[in-house]
S.K.: 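Got a structure for you, written out below as structure tokens; questions coming shortly.
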Amino acid sequence: MNAETAARDITVAVVRAKEQPFTIERARLRGPRSDEVLVRVVATGLCHTDLIVRDQFYPVPLPVVLGHEGAGVIEAVGPEVKGLKAGDHVVLAYGVCGHCKQCSGGHGAYCEDFYGQNFGGSSDDGSNAIEDAHGQPLHDHFFAQSSFATYALARENNAVKVSDAAPLELLGPLGCGIQTGAGAVINSLKVVAGSRFAAYGAGAVGLSAVMAARLAGAAIIIAVDVVPSRLELAKELGATHVINSREQDIVEAVHAITPDGVDFALESTGRVDVLEQGVTALAKLGVIGVVGASKMGTLASFDVNNLLMGGRTIRGVVEGDSVPQVFIPQLVELYLQGRFPFDRLVTFYPLEQINQAAEDSARGETLKAILRMPG
């Protein structure tokens, strides 16, 4: 269907106030325009970013429909869509403007308008596509999708077609958390065979990094966390060593494993103290990627001479530096081959249990919650 379709009733999870639970509501979604696609959402991942936006670490306007790891089936497309059609299975990734210097150079994760496209709460013209049951607009376009909903509008440039052979309800987290961890290792840090790698945080992002480091051939893979069950899983997924940072000093423990430090590291906890220790534990010419999100204005410190004399590097990483249309299908193929078993990280919940999923995730009981849509 290549024309704008009529508005439809949908079910959504809404954040109406800072640090308050999600509410399940009926709402109304308009049809697709221009380069938009209408997606029947099968399932969507619950990401740490959804929770910190709920709690207003980032100033996203409320009330809002969040959700940015959606997977589903296209039901209709706007008149400017060229490469997708109804019936395609898609994973929804992050939003980009598509025409700035970074986007044009293949680095859409650093789009000049990344914050506006993903956290602005509306379309480029300031309008909203969703209204609540009382006809009041709900902020949407979160990561160009707002997929805590039975239907979502995305754009052609952030809807990634995937193989029908893969289980669609599993694939949503490839759009953010999983591609962030794996992409940081493969695309950003470029971990090489025989190297030493440390993942600070063994959540979904950190364990995706562990699996990617094994694929890259790292000789030493260290997982650091405080939850014993996560560390046990890390060993099953490729970690050669684990560190419980409640019981051991991180820097001392890393140096006990590899006296010179690690060549590559990824910090996914968002904790300043962990980042600072991760920098200290780098080998000469080592590099640490930072993906853990903290409150706006959070500052960290480091020894300038340790950085300078050792040629060490600290670099920020967004979305694993991935080009989703390339990287997500690659991860799907690796999964189908049994070489990237990210299904080991997943626990499913129905949409109406989103608050339970959020609590379980915050307590560390669930690594990656995926919300199945009703129907």
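Not measured: the values here are computed from a predicted model. Computed over heavy atoms, backbone and side chain alike; hydrogens, waters and symmetry mates excluded.
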S.K.: Yes or no on side-chain hydrogen bond (donor to acceptor under 3.5 Å, both in side chains) for T150 and R40, after CA distance, side-chain angles and deciding distance?
M.R.: CA-CA 6 Å; T150 49; R40 176 177 60 82; over 6 Å; no

S.K.: Can any side-chain N or O of Q325 pair as donor or acceptor with the backbone N or O of N157 at less than 3.5 Å?
M.R.: yes

S.K.: Hey, is the main chain of T269 close enough, under 3.5 Å, to the side chain of E267 for a donor-acceptor pair?
M.R.: yes

S.K.: Calculate, to the nearest 0.5 Å, the distance between atoms CG and OH belonging to D360 and Y349 respectively.
M.R.: 3.5 Å

S.K.: For a quick test of reading the model, state the closest non-hydrogen atom pair linking I370 to A43 and the distance between them.
M.R.: CG2-CB, 3.6 Å

S.K.: For G261 versus V254, what's the shortest heavy-atom pair and its separation?
M.R.: CA-CG1, 4.5 Å

S.K.: Out of curiosity, L171 CG to E69 CD, how far, rounded to the nearest 0.5 Å?
M.R.: 11.5 Å

S.K.: Tell me whether D132 is salt-bridged to R16, with the criterion being a basic N under 4.0 Å from an acidic carboxylate O.
M.R.: yes

S.K.: Between the main-chain N or O of F57 and the side-chain N or O of D55, is there a donor-acceptor pair closer than 3.5 Å?
M.R.: no

S.K.: Between L215 and L336, is there a shared hydrophobic cluster once you connect ILVMFWY residues whose side-chain heavy atoms come closer than 4.5 Å?
M.R.: yes

S.K.: Between S268 and V291 (side chain of the first, backbone of the second, donor and acceptor by atom type, cut-off under 3.5 Å), is there such a pair?
M.R.: no

S.K.: For R246, is the CZ atom crowded, meaning more than 12 foreign heavy atoms sit under 6.0 Å from it?
M.R.: no

S.K.: Can L237 be reached from V332 by stepping across I, L, V, M, F, W or Y side chains whose heavy atoms are under 4.5 Å apart?
M.R.: yes

S.K.: For F143 and D50: C-alpha separation, side-chain torsions, deciding distance, then whether side-chain contact (heavy atoms from CB on, under 4.5 Å) applies.
M.R.: CA-CA 10 Å; F143 277 72; D50 295 305; over 6 Å; no

S.K.: Using 30° and 60° as the class boundaries, would you call the ring planes of F114 and Y94 parallel, tilted or perpendicular?
M.R.: tilted

S.K.: Would V272 end up clustered with V251 when hydrophobic side chains under 4.5 Å apart are linked, directly or stepwise?
M.R.: no

S.K.: Any chance you could lay out the side-chain contact (heavy atoms from CB on, under 4.5 Å) test for L207 and F342, step after step, and finish with the verdict?
M.R.: CA-CA 8 Å; L207 290 178; F342 72 95; over 6 Å; no

S.K.: Counting heavy atoms not belonging to H107, are there more than 12 under 6.0 Å from its NE2?
M.R.: no

S.K.: Once the angle between the rings of Y58 and Y115 is folded into 0 to 90°, is it parallel (under 30°), tilted (30 to 60°) or perpendicular (over 60°)?
M.R.: tilted

S.K.: To the nearest 0.5 Å, how far apart are CZ in R155 and CG in L84?
M.R.: 12.5 Å

S.K.: Please report the closest heavy-atom contact between E319 and G175, naming both atoms and the distance.
M.R.: OE1-O, 3.6 Å

S.K.: Taking atom OG1 of T366 and atom CZ of F348, what is their separation to the nearest 0.5 Å?
M.R.: 12.0 Å

S.K.: Name the one of L331, I221, L345 that satisfies side-chain contact (heavy atoms from CB on, under 4.5 Å) with M211?
M.R.: L345

S.K.: Against L174, only a single residue in T180, I328, V162 fulfils side-chain contact (heavy atoms from CB on, under 4.5 Å); can you say which?
M.R.: I328

S.K.: Heavy atoms only: give me the nearest G238-V210 pair and the separation to one decimal.
M.R.: C-CG1, 4.0 Å

S.K.: Taking R339 for its side chain and E333 for its backbone only, find out whether a donor-acceptor pair lies under 3.5 Å.
M.R.: no

S.K.: For D140 and S146, indicate whether the former's side chain and the latter's backbone hold a donor-acceptor pair under 3.5 Å.
M.R.: no

S.K.: Any donor and acceptor pair, going by atom type alone, linking the side chain of R312 with main-chain N or O of L282 inside 3.5 Å?
M.R.: yes

S.K.: Tell me whether E169 is salt-bridged to R372, with the criterion being a basic N under 4.0 Å from an acidic carboxylate O.
M.R.: yes

S.K.: Looking at R28, I'd like to know if its CZ atom is crowded, meaning that more than 12 non-hydrogen atoms belonging to other residues, nucleotides or ligands lie closer than 6.0 Å.
M.R.: yes

S.K.: Would you check, one step at a time, whether the test side-chain contact (heavy atoms from CB on, under 4.5 Å) holds for R30 with L153?
M.R.: CA-CA 9 Å; R30 66 162 172 79; L153 287 174; 3.5 Å; yes

S.K.: In Å, rounded to the nearest 0.5 Å, how long is the span from CG of L46 to OG of S147?
M.R.: 10.5 Å

S.K.: With a 4.5 Å cut-off on side-chain heavy-atom distances among I, L, V, M, F, W and Y, is there a chain of contacts connecting V262 to L189?
M.R.: no

S.K.: For T347 and A369, indicate whether the former's side chain and the latter's backbone hold a donor-acceptor pair under 3.5 Å.
M.R.: no

S.K.: What's the verdict on side-chain contact (heavy atoms from CB on, under 4.5 Å) for L38 and R8, showing C-alpha distance, side-chain angles and the deciding distance?
M.R.: CA-CA 11 Å; L38 175 69; R8 66 181 60 217; 3.6 Å; yes

S.K.: Is any NZ, NE, NH1 or NH2 atom of the basic residue among R315 and D321 found under 4.0 Å from an Asp or Glu carboxylate oxygen of the other?
M.R.: yes

S.K.: Got a second to check how far T280's OG1 is from L275's CG, nearest 0.5 Å?
M.R.: 9.5 Å

S.K.: Does G70 offer a backbone N or O that forms a donor-acceptor pair with the side chain of Q145 under 3.5 Å?
M.R.: yes

S.K.: Is there a donor-acceptor pair closer than 3.5 Å between any side-chain N or O of N128 and the backbone N or O of I130?
M.R.: no

S.K.: Please name the pair of heavy atoms, one in L371 and one in A357, separated by the smallest distance, quoted to 0.1 Å.
M.R.: CD2-CB, 4.1 Å

S.K.: Kindly give the heavy-atom pair with the smallest separation between Q330 and V326, and that separation in Å.
M.R.: CG-O, 3.2 Å

